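For reference, the structure discussed in these notes is given below.
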Amino acid sequence: MKNRIISTLLLLMGAIGYIFAQTESVSFVATAPSQVAMNQQFKLEYTIKNASPSIQEPNFGDFSVISGPSTQKYESVSIINGNMQRQFSHIITYYLMPTKEGTFTISPISFKHNGENIMCNAVTIKVVAAGQANSQQRVATSQNNRNNNSANSANDPFVRTTYSKKSVYEQEEITATIKLYHKGNITQIEDAKLPEYKGCVTKEIQMKNEDRYGEEVIDGVRYFTYKLKQTILYPQKSGTIEIEKGELSTIMEIQSRNIFDFDSYFNGPRRVRKIIPFEGTQLEVKALPEGKPADFNNAVGSFKMESSISQTEAKAHDPITIKVKISGTGNIKYIKSPTFTFPTDFDTYEPKENTKTTGNSGSREIDYLIIPRHAGTFEIPAATFSYFDLNTKRYHTLKTESFTLNIEKSDNNTDNSQVISNFTKENVQIIGKDIRYINTQSTKVEKKEKDIFGTFGFWMWYILPLLLFITLVILYRKQIQENANIALVKNKRANKQAKKCLKQADAFLKAGDKEHFYEEIAKALWGYTSDKLNIPLSELNKESIETELKERQASEDTIQEFMEILHTCEFARYAPSDKETAMDELYNQTADVIGKLEEQVR
């Protein structure tokens, strides 16, 4: 009991000491790397200890601001010789990028504290050409940034690109996955600059929204993950392929660590813009080995081939179909179909191809239609298909069956086989009907009727259509003039085009397809305003829409409602799944706001 009382008294004394603790002296320091390269983004930090001022905007000179300012707050309590001291700090961060080469200084800034002028240091930065920055300096800068942010590094979001393989052959399939890692503090993704994979044929993998989310543990830290993009790559040339770097613009929430920051308790975390750059990489592509077969056409993978023919016993002029099916794994979508060698007097047509793929596997079915033109026995040699097998690292050649055709005479009694040798297949179209015998029978000749040229009926055939055309021009002259006014035509069709998009959005709503639903709603809004305000989509943005609608006397409530819907659509794909009722309400709200604008905007 006595020990418990003593412990309680000590805790009370500690709390009282904490409340009345003296803070340490105020300091104001600016930090940034001493050397950066052109097009290299870097971080400038202002650290303020034991004061909570609002500082002025620095003059960045020849540096452009990528993002910022963002503020982080920290607080610590220490007991030295029985005295409790409280220390807190603010870190204000800017992300900058140089606009030209040279050595530049960011001037110091200051603030007032208890009547005293507190000033930070100036920052001098040398900007060199891209790729010439000293490697040791980059390492030191990276390490310095990690040390400065060690208290929050585990919470910083980042982006990684992973590849199923780093060293491949030409045409060999690679899967690239771009993934965002965060601690649940990313609320929106504003914009994404993702690599285009130059030098590769690409096929983007369509993912369901629920398949994009996941969790991973890295270095003992658990992260939430979001797949930004997943792409199948087929390198088209050997050597080193440079994959360009990318950038992600996000909105993230930062919770203050200051226990006396009551604003964060009542208003929640602060929302700041965060630019997340990520580096490119290199892919090593090996050339295919020498000794390629003559019919090799860049097929890489593992395949098998089947063939069949509709009939080997037929009559002249009857159609015959040869079917070939190639299936397996690899770049089947981009392979070339095998080629048959047919008799010269057969009619042949372009093969009909049907390719089906799932991931990196699939099949291609090819139908070859041929028509023999005369009787006889014909041989169709086997067609070949060669590919490079990734398992054995060797070329393999597959063959179809060879076919023997026994063609009988057609039902036409006339056998023209003797004259076929004198015609090419372009000349001979229907054997037995294109050659006629001289008629030796007497022919009755009848008198030709009177020529219609120059008669009244002849001229009326010309005059009546002309009169009809002139009448239509007069009747529809107003409509023709209106159609010549492109702006007027777009204005009139704006509502009609929006209704089409809303109809499509309604179909996605019923199907539960959230991602495409929001895309169609946004498409309806952007398309409507582009047509209604006569502003090209490429020049359209939220600010220009809001300005134009105000000038056209649209009400403030309608404009606000329009902008809120647009905002919801832009970021809905990154938010947790919405309920169907919320999507239904958004659909009705969109139709209602377009109807209001149709009445208000003229």
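Predicted, not measured: the structure shown is a model, and the values here were computed from it. Any value given below was found using the heavy atoms of this structure, including those in side chains, with hydrogens, waters and symmetry copies removed.
At distances below 3.5 Å, at least one donor-acceptor pair connects side-chain atoms of N331 with backbone N or O atoms of V300. No donor-acceptor pair closer than 3.5 Å links the side chain of S530 to the backbone N or O of W526. When atom types are taken as modelled, the side chain of S164 and the backbone of T175 share a donor-acceptor pair closer than 3.5 angstrom. Here the side chain of E519 pairs no donor or acceptor atom with the backbone of K514 at under 3.5 angstrom. Remark: the backbone N or O of T400 is not paired with any side-chain donor or acceptor of S307 at under 3.5 angstrom. No side-chain donor-acceptor contact under 3.5 Å links T312 to the backbone of L405. Although no hydrogens or angles enter the test, the distance criterion places a donor-acceptor pair under 3.5 Å between the side chain of E244 and the main chain of E196.
Environment of NZ in K208: sparse, with no more than 12 heavy atoms of neighbouring residues, nucleotides or ligands closer than 6.0 Å. Atom NZ of K237 has 12 or fewer heavy atoms from other residues, nucleotides or ligands within 6.0 Å. Within 6.0 Å of the NZ atom in K323, the count of heavy atoms belonging to other residues, nucleotides or ligands does not exceed 12. In the displayed structure, K286 atom NZ is contacted under 6.0 Å by more than 12 heavy atoms of other residues, nucleotides or ligands.
Under the 4.0 Å criterion applied to side-chain N and carboxylate O atoms, K510 and D506 are assigned as salt-bridge partners. One finds a salt bridge joining K165 and E172 here, because a Lys/Arg side-chain nitrogen approaches an Asp/Glu carboxylate oxygen to under 4.0 Å. D345 and R373 are not joined by a salt bridge, as no carboxylate oxygen comes within less than 4.0 angstrom of a charged side-chain nitrogen. Ion pairing of K227 with D211 is absent here, as no side-chain N (NZ or NE/NH1/NH2) approaches a carboxylate O to less than 4.0 Å.
The ring of Y387 has its center closer than 6.0 angstrom to the ring center of H396. Aromatic pair F224/Y181: centroids not less than 6.0 angstrom apart. Aromatic ring centres of F378 and F346: separated by under 6.0 Å. Taking the six-membered ring for Trp and the full ring otherwise, F296 and Y395 have centroids separated by under 6.0 Å.
Under the 4.5 Å side-chain criterion, counting only non-hydrogen atoms from C-beta, I380 is in contact with I370. The shortest distance between side-chain heavy atoms of D318 and I371 does not fall below 4.5 Å. Side-chain atoms of I335 and N297, non-hydrogen and from C-beta on, never get closer than 4.5 Å to each other. By the 4.5 Å heavy-atom criterion applied to side chains, L228 and I189 are counted as neighbours. Proximity of I218 to F158: side-chain heavy atoms (C-beta onward) are separated by under 4.5 Å at one or more points. Between E173 and Y234 there is a side-chain heavy-atom pair separated by less than 4.5 Å. You'll find the side chain of K179 stays beyond 4.5 Å of the side chain of V159, heavy atoms only. Annotation: side chain of K523 is not in contact with side chain of L525 (no heavy-atom distance under 4.5 Å).
A donor and an acceptor atom, one from each side chain of D295 and T384, are located under 3.5 Å apart. For the residue pair T177/Q230, the side-chain donor-acceptor check at 3.5 Å is satisfied. Side-chain N/O atoms of E598 and Y528 include a donor and acceptor closer than 3.5 Å. Under 3.5 Å, the side chains of E242 and Q282 contain a donor-acceptor pair of N or O atoms. A donor-acceptor pair shorter than 3.5 Å cannot be found between the side chains of T225 and E215.
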Is there a side-chain contact (heavy atoms from CB on, under 4.5 Å) between E204 and T202? Walk through the geometry before answering.
CA-CA 6 Å; E204 185 171 352; T202 63; over 6 Å; no
Could you walk me through whether Q236 and Q171 pass side-chain hydrogen bond (donor to acceptor under 3.5 Å, both in side chains), step by step?
CA-CA 6 Å; Q236 298 299 296; Q171 302 295 334; 3.1 Å; yes
Do I521 and F508 pass the side-chain contact (heavy atoms from CB on, under 4.5 Å) test, and can you show the C-alpha distance, the side-chain angles, and the key distance before you say yes or no?
CA-CA 10 Å; I521 292 290; F508 288 129; over 6 Å; no
Determine, stepwise, if the pair I320 / Y368 fulfils side-chain contact (heavy atoms from CB on, under 4.5 Å).
CA-CA 8 Å; I320 299 172; Y368 302 83; over 6 Å; no
With side-chain contact (heavy atoms from CB on, under 4.5 Å) as the test, would you mind laying out the steps for M305 and V324 before giving the verdict?
CA-CA 7 Å; M305 184 166 64; V324 175; 3.8 Å; yes
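The two residues K315 and S410 come nearest to each other via the heavy atoms CB-CA, 4.4 Å.
The distance from the OG atom of S238 to the CD atom of E284 is 10.5 Å, given to the nearest 0.5 Å.
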